Each structure stands twice: as C-alpha cells, then as structure tokens.
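Beneath this line is the structure, given in structure tokens, with notes to follow.
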Number of protein chains: 2
Amino acid sequence: MTSVGSERNLTIRDVAQRAGVSISTVSRVINGKKVRDELQVNVQRVLDEMNFRPSAVARSMVRGRTQTVGVLVEDISSSYYAEMIKGIERILERTGHHPLFKSSHWNLQLEEEALQVFLDHNVDAIVVVGGLISESRLQDLAARMPLVLVGRGGVSVNAPTINLDQRGGAYGATRHLIELGHRQIVHISGPLTQEDAVARRVGYQDAMHDHGLEVRPDWLCEGDFLETSAFRATMHLIENGTPFTAIFAGNDQMALGANLALHRKGLRVPDDVSVVGFDDLPVSAYVVPPLTTIRQPAQQVGELAAHAAVALMSGEPAQLAPLELKLIVRESTRAVRR
Amino acid sequence: MTSVGSERNLTIRDVAQRAGVSISTVSRVINGKKVRDELQVNVQRVLDEMNFRPSAVARSMVRGRTQTVGVLVEDISSSYYAEMIKGIERILERTGHHPLFKSSHWNLQLEEEALQVFLDHNVDAIVVVGGLISESRLQDLAARMPLVLVGRGGVSVNAPTINLDQRGGAYGATRHLIELGHRQIVHISGPLTQEDAVARRVGYQDAMHDHGLEVRPDWLCEGDFLETSAFRATMHLIENGTPFTAIFAGNDQMALGANLALHRKGLRVPDDVSVVGFDDLPVSAYVVPPLTTIRQPAQQVGELAAHAAVALMSGEPAQLAPLELKLIVRESTRAVRR
DNA sequence: ATACAAACTGAAAACGTTTTTTGCAAGTGG
DNA sequence: CCACTTGCAAAAAACGTTTTCAGTTTGTAT
C-alpha cells in the first residue's frame with residue numbers, strides 16, 4: 001500500500017477514469033449503494049490503490065450537511081470546560097461528527113462572532129455552554145437548527161437544556177459546614193454577572209437562613225472565579241479581624257486561593273478553618289489537604305449535551321437524564337473547634 | 001435591522017435578484033472588488049438588509065482554501081495542552097483562521113485518523129503537538145502542506161519545529177536541589193515511551209552525574225504523568241525505607257501526587273522533603289506549599305506555533321524565536337536539614 | 001464623427017461531490 | 001414476437017460561490 005494520503009488533487013474523476021467507469025458509479029461504490037458485483041470490486045480496488053478520499057468540502061456542499069457541531073464555551077483552557085469538552089469529544093467521535101470549539105471569554109461580542117462562524121460554516125448543530133447571549137437570540141437559533149443549551153436558565157428557549165442545580169449544590173456545601181458546627185461561614189462568590197455565581201450564593205444564603213443563622217455582610221465577598229481574587233479576599237478578611245471558622249468558595253480555584261491565604265496567615269486547614277469548594281476539579285483530590293467540594297460531573301454533562309445534539313440532528317427528541325451534584329467530603333473540612 | 005441571521009438558504013442569487021444586478025456583481029461587492037459606486041452602495045444596502053452571509057463551504061469549494069488549521073494534541077483537556085491551545089486560539093483569531101482541535105490520547109491510530117480528518121476537510125495547515133506519528137509520515141505531510149511541529153524531535157522533517165529544552169530544564173531543576181544541599185534525590189518520570197519523559201530523566205541523570213552523585217536504581221521511578229502514579233510511587237518509596245530528601249517529579253501533576261503521599265506519611269514539604277515539578281501549571285502557584293517548578297511557556301509555544309503556521313500559509317518562512325524554560329522557585333524546596 | 005481604449009457588468013465555467021434523470025439491455029408475460 | 005417492466009450505468013443537474021471571458025457602455029483622441 002502506498003503511503004497514506006500521499007497525494008491530493010485526486011478527484012473522483014481520476015478514479016473513474018482509471019477504473020473505466022463513470023463518476024456516478026465511483027460515487028455509488030464509495031457510498032455503498034448498489035452496483036454490479038464485478039464493478040464494485042474493481043472500483044474498490046482502484047479506490048484502495050489510489051488511496052482516494054472524497055473531499056469533505058465538496059460533500060458538505062452538495063449534501064447541505066457538514067458533520068460538524070459548533071461548541072461554544074467561555075474558555076477552552078479552563079479546567080471545568082476542558083473536562084466537559086472531553087465528554088463531548090468522546091461522544092461525537094463515535095457518531096462521526098467533528099466538534100468545532102470556540103471560546104468566548106465572557107465577551108458578548110466574541111460570543112456572537114463565534115456563533116456567526118458556526119452559521120457561516122454551516123455546522124449541523126450548536127452547543128452553547130453558559131454565555132451572555134440573549135434568550136431571544138437563542139430562540140431564533142433554536143428555530144433554525146439543532147441547539148443544545150448547557151448551564152443556562154433558558155427556560156423560555158425551546159431547546160434541550162442541561163442544568164445542574166447550582167443552588168442546591170451550594171446549599172449542600174453550606175449545610176455540610178453547618179452540620180460540622182460552623183456558624184461563622186464566609187462565602188466568596190464568583191462574579192455576580194454570571195448566573196452560576198449568583199445561584200450558588202443564593203444557595204449559601206438559603207442554607208444559612210434555614211438554619212437560623214444570620215449572614216454578616218462582610219461574610220459575602222465577590223471574587224472572579226480565579227485563585228487570586230479569593231486569595232486577596234481572604235487576606236483582607238483576616239486582616240480586618242472578621243470572625244469566621246469556615247469558607248465556602250464559589251469554585252475550587254477560589255478555594256485554593258483562600259487556602260493559600262490561610263496558610264500565609266498561619267491558619268491551618270482544616271484545624272483552624274474549614275474550606276469547601278465547588279466543581280471537583282481533577283486536581284482537587286490531590287492538593288494538601290484534599291479539598292472537600294461539590295462534584296460537578298463535567299464530563300457527563302458534555303456527554304449528555306453531545307448525545308442531545310446527535311439526537312436532534314437525526315430528528316429525534318433529546319433524552320435528558322438529570323445529573324446530580326454531589327458533596328465530596330475530603331480533608332479540608334472538620335468539626336469546628338470549641 | 002432584522003434579527004441577526006434569522007434566515008438561511010439565502011444565497012447570493014437572492015441578493016442579486018433583489019438588488020437587480022448579477023451575482024457576479026454581488027460577489028464583487030462582498031469581496032471589495034471594484035464596482036460602480038452607485039451599484040456598490042445599493043448592493044451593500046441590500047446585503048445589510050437581508051443580513052446576508054456567504055457560505056463558507058461554497059467559498060472553500062471554489063477557493064480551494066478553508067481558512068482552518070488542524071491542531072493535533074494528546075489531550076485537549078490536559079492543563080498543559082489547554083494552555084497551548086489558548087495561545088493558538090489567540091493568534092489565529094486575529095488572522096481569520098479557525099483552529100480545528102483533535103485529541104489523540106496517546107494512541108497512534110487515533111492520531112492517524114485525526115490527520116486524515118484534517119486532510120479530508122482540506123485544512124490549510126496542520127500543527128502537530130507531540131505524538132507518536134512516524135517522522136516519514138510527517139515528512140510526507142510537510143511536503144504537501146504547511147506543517148508545524150511542536151515538542152518532537154523531528155530533526156529529519158523539513159518543517160518548522162518548536163522544541164523546548166526538556167533535558168536542560170530537568171537539569172536545572174535537579175541542580176537547584178543539589179545546590180540546596182540535597183544528595184538523595186528521587187526522580188519520578190513520565191512514561192518512557194514519551195520523548196519528553198526520557199529527556200527529563202536524562203537531564204536528571206546528567207545533573208546528578210555532573211555533580212558526582214550516584215543515582216540509586218530505586219530513585220528512578222516511572223509514572224504516567226498523572227497524580228496517582230506519583231502518589232503510589234512515593235508511598236512505596238517511603239514504605240520500602242528508601243532514603244531520600246528530595247523528589248524531582250516529571251511534571252506538576254505528579255509533584256502534587258508525591259506531595260500528597262508525603263503528607264499522608266507525615267512528612268512535611270519542604271521541611272522534611274523538597275519537591276520540584278515541571279510545567280508550572282496555573283494551579284501550581286496556589287497549592288500549599290506553592291510548588292517550585294520549571295515553567296514551560298505553554299501559551300507562548302502555542303502562539304509561536306500559530307504564527308509559524310500563518311507564515312507558512314502565506315508562503316513566508318516561519319520565524320522561530322527560541323523559548324526558554326525557567327526555574328520558578330517557590331516554597332516546596334529548601335536547603336536540606338543537616 | 002469615428003475608431004479605439006478603458007471601465008464595468010453579466011453570462012458562463014469551474015470547484016468535487018451526490019442525486020436525479022435518461023438511456024440501454026435484458027428479462028417477462030401475453 | 002412484441003410490448004412492457006426491471007435493473008443498472010452513464011449523463012446531466014445541482015449545491016453556492018469565485019473567477020474568467022465576452023460584451024456593452026462610456027470616454028478620449030484623432
């Protein structure tokens with residue numbers, strides 16, 4: 001066999017000529033349509049010999065489908081999205097579709113542009129993860145093509161939506177701390193411009209309230225989901241003498257930032273202060289101390305989204321199994337010292 | 001203005017009809033070619049009114065270029081590759097190219113398939129990061145289209161190659177430990193099937209040798225670049241009573257695994273054992289204690305690779321600035337106790 | 001005024017496939 | 001033995017653009 005794909009500019013025409021048949025026949029052989037046995041084997045042999053591969057572009061042109069799926073996330077390289085992408089990749093690989101990833105970096109304009117690129121390239125479906133795009137725009141989109149939403153309110157949009165109960169997860173995290181006897185619990189939230197950040201904050205507030213605990217205003221800090229913001233917030237908290245025995249961070253990255261600040265200030269985790277995160281990043285099980293957190297099954301979310309997209313593309317309704325957030329108790333939390 | 005892109009199946013023909021001109025003229029207006037002023041504004045108005053966007057597929061068909069770049073990495077969701085991808089995204093975004101990412105998961109067959117997909121889709125350039133593909137195959141590829149290699153020997157391949165001095169970095173990491181007075185230094189390597197893993201191991205060995213230090217066979221452990229493998233290796237080391245005062249891990253993830261094992265066994269970092277990693281993942285600055293490591297400028301590598309690809313596509317030679325690995329001293333290393 | 005160049009525009013070809021239509025040969029029933 | 005169906009391959013149309021080529025108008029110089 002000649003080296004794989006060692007030529008290009010090979011067209012179905014060349015194959016037809018060499019096999020002494022028409023291009024239609026070659027096309028039929030390629031696509032497994034009915035052809036006289038004798039011709040079939042002959043053409044197939046030539047196909048193999050020439051190592052011919054049909055142009056995906058030309059196919060897309062005539063078929064009107066591209067076998068690609070646009071996937072829009074905030075940031076490909078952020079751990080959480082990366083995990084989700086892995087799940088999407090895994091499923092689409094099996095169905096012969098190709099994901100086309102774009103990052104929007106929490107920027108509405110970039111988001112709109114990415115969507116436009118998807119449209120221009122005639123993707124067969126779009127998966128939108130989070131984002132700032134308006135619901136009406138999404139509704140437009142959903143009306144024109146298969147669309148799957150992940151981690152968005154999207155109640156008004158007529159498209160399958162995968163949502164994890166962020167509020168509930170945060171509630172559980174907070175309750176865990178309360179059950180360990182903590183009363184003075186700080187929450188460092190993500191940027192309140194993001195749905196998830198506020199949902200988690202609400203979960204914290206609800207849990208506190210339901211257990212009859214007052215929330216001091218200075219226990220509510222706003223970060224940006226990155227380590228540094230939580231590091232700073234925690235340093236300030238300590239320097240201001242704000243009393244607290246536990247921190248519930250809006251995500252694991254911020255939990256790590258808080259963790260480091262505590263370390264800097266000579267406070268031990270979990271002996272002096274308990275810390276809970278959110279996400280369960282792959283790394284969270286290996287930091288010292290291993291982080292108690294709320295597991296978001298990011299890969300499963302990705303898989304589910306991909307499945308939904310595939311279903312939609314073949315005209316079937318999407319099946320959405322509800323996914324659960326789970327408290328993973330590790331070693332960054334313990335009963336409050338008395 | 002009507003809602004963005006609210007129709008499809010719109011073709012240049014519809015625009016031509018509505019504007020009362022030929023499709024050639026519409027095409028010319030779209031592409032900024034010379035057209036009588038009066039027509040130009042008229043057609044442009046219709047274009048805007050109809051919110052027309054030309055089909056990228058049809059364009060690719062006739063132009064023979066797709067404005068896409070295939071990027072093959074081992075695992076999109078692994079932190080290191082994710083960073084690199086971010087760099088690639090950033091550069092290509094500016095030039096109007098669209099990256100098409102594929103993961104090969106250290107699997108030769110998947111790698112070959114991904115390459116085939118790139119070829120089928122007629123990408124304008126390919127970036128191969130690491131991987132198991134043979135050099136001769138790469139040579140074939142390089143002869144046919146713009147190809148950029150990252151983190152591969154690739155000496156025999158006629159394509160721009162971006163390589164970081166893995167051996168040198170490892171040498172520096174080891175020397176750092178030696179200079180701190182460590183004599184009994186363990187190295188946990190990545191899988192020795194990977195070039196980078198062996199290069200780093202060689203760097204370790206060379207540094208030890210150059211400083212007149214014998215390497216005990218049981219100081220050489222082989223992991224798989226994931227946390228767990230290093231965790232286990234370190235546990236065994238301690239349980240077997242192997243003497244050591246420092247660990248140089250083949251990457252940060254394994255450093256974290258080792259770190260946790262030490263913690264489990266009641267050994268303090270850096271007081272009892274010093275730990276050095278490799279990569280400088282975003283998280284490494286925030287773990288406790290912050291990790292001393294070798295910084296690989298992953299994003300810059302990605303940017304450089306993207307620049308090279310862009311240059312190649314426009315027929316220019318690629319400019320390759322050499323990138324440096326840098327020792328980042330944080331708090332996981334200190335002078336050996338005597 | 002006429003010839004010729006310049007400037008544009010429209011018609012048509014091309015890109016590489018798939019799919020529809022046409023055409024031909026063989027088979028079948030009366 | 002003829003009319004009619006069947007089966008299968010070749011020819012042609014189609015997908016939505018860009019680009020080439022030819023044709024038309026306008027302008028200019030003689």
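Naming convention: chains lettered A, B, ... in sequence-line order (proteins, then strands); numbering from 1 in each chain. Source: prediction; values computed, not measured. Below, all heavy atoms of this structure are taken into account, side chains as well, without hydrogens, waters or symmetry copies.
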According to the salt bridge (Lys or Arg N to Asp or Glu O under 4.0 Å) rule, which pairs have a member within [range], sequence neighbours left out?
{"range": "residues 20-32 of chain A", "answer": "none"}
{"range": "residues 55-67 of chain A", "answer": "none"}
{"range": "residues 99-109 of chain B", "answer": "none"}

[X] [atom1] to [N] [atom2], straight-line distance once rounded to whole Å:
{"X": "B:I12", "N": "D:dT17", "atom1": "CD1", "atom2": "C1'", "answer": "6 Å"}
{"X": "B:M61", "N": "C:dC15", "atom1": "CE", "atom2": "C1'", "answer": "4 Å"}
{"X": "B:I30", "N": "C:dT9", "atom1": "CD1", "atom2": "P", "answer": "15 Å"}
{"X": "A:R63", "N": "D:dG16", "atom1": "CZ", "atom2": "P", "answer": "16 Å"}
{"X": "A:R13", "N": "C:dT17", "atom1": "CZ", "atom2": "P", "answer": "9 Å"}
{"X": "B:Q17", "N": "D:dG16", "atom1": "CD", "atom2": "P", "answer": "14 Å"}

Can you pull out the residues from residues 31-47 of chain A that lie within a 4.0 Å heavy-atom distance of DNA chain C?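 The answer is A:N31, A:K33.
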Set of residues satisfying side-chain contact (heavy atoms from CB on, under 4.5 Å) with respect to [X], sequence neighbours excluded:
{"X": "A:S104", "value": "A:L72, A:E74, A:E111"}
{"X": "A:A306", "value": "A:I88, A:I91, A:L92"}
{"X": "B:S78", "value": "B:D75, B:Y80, B:Y81"}
{"X": "A:E38", "value": "A:R36"}

Contacts under 3.5 Å, N or O only, protein and nucleotides 24-26 of chain C:
none

Within the structure provided, determine whether A:V150 and A:M84 are in side-chain contact (heavy-atom separation under 4.5 Å).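 They are in contact (side-chain heavy atoms under 4.5 Å apart), so the answer is yes.
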Using residues 312-323 of chain B as the side-chain source, report each donor-acceptor pair under 3.5 Å to any protein atom, sequence neighbours left out, with the distance given to one decimal.
{"residue": "B:S314", "atom": "OG", "partner": "B:V310", "partner atom": "O", "Å": "3.0"}
{"residue": "B:S314", "atom": "OG", "partner": "B:A311", "partner atom": "O", "Å": "3.2"}

Tell me the bend of the helix from C:dA1-D:dT30 to C:dG30-D:dC1 as the angle between end helix axes, each from five pairs, rounded to the nearest 10 degrees.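 The two end axes of the helix from C:dA1-D:dT30 to C:dG30-D:dC1 meet at 60°.
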Please list, in numerical order, the residues of residues 18-28 of chain B that have a heavy atom closer than 4.0 Å to any atom of DNA chain D.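 Output list: B:I23, B:S24, B:S27, B:R28.
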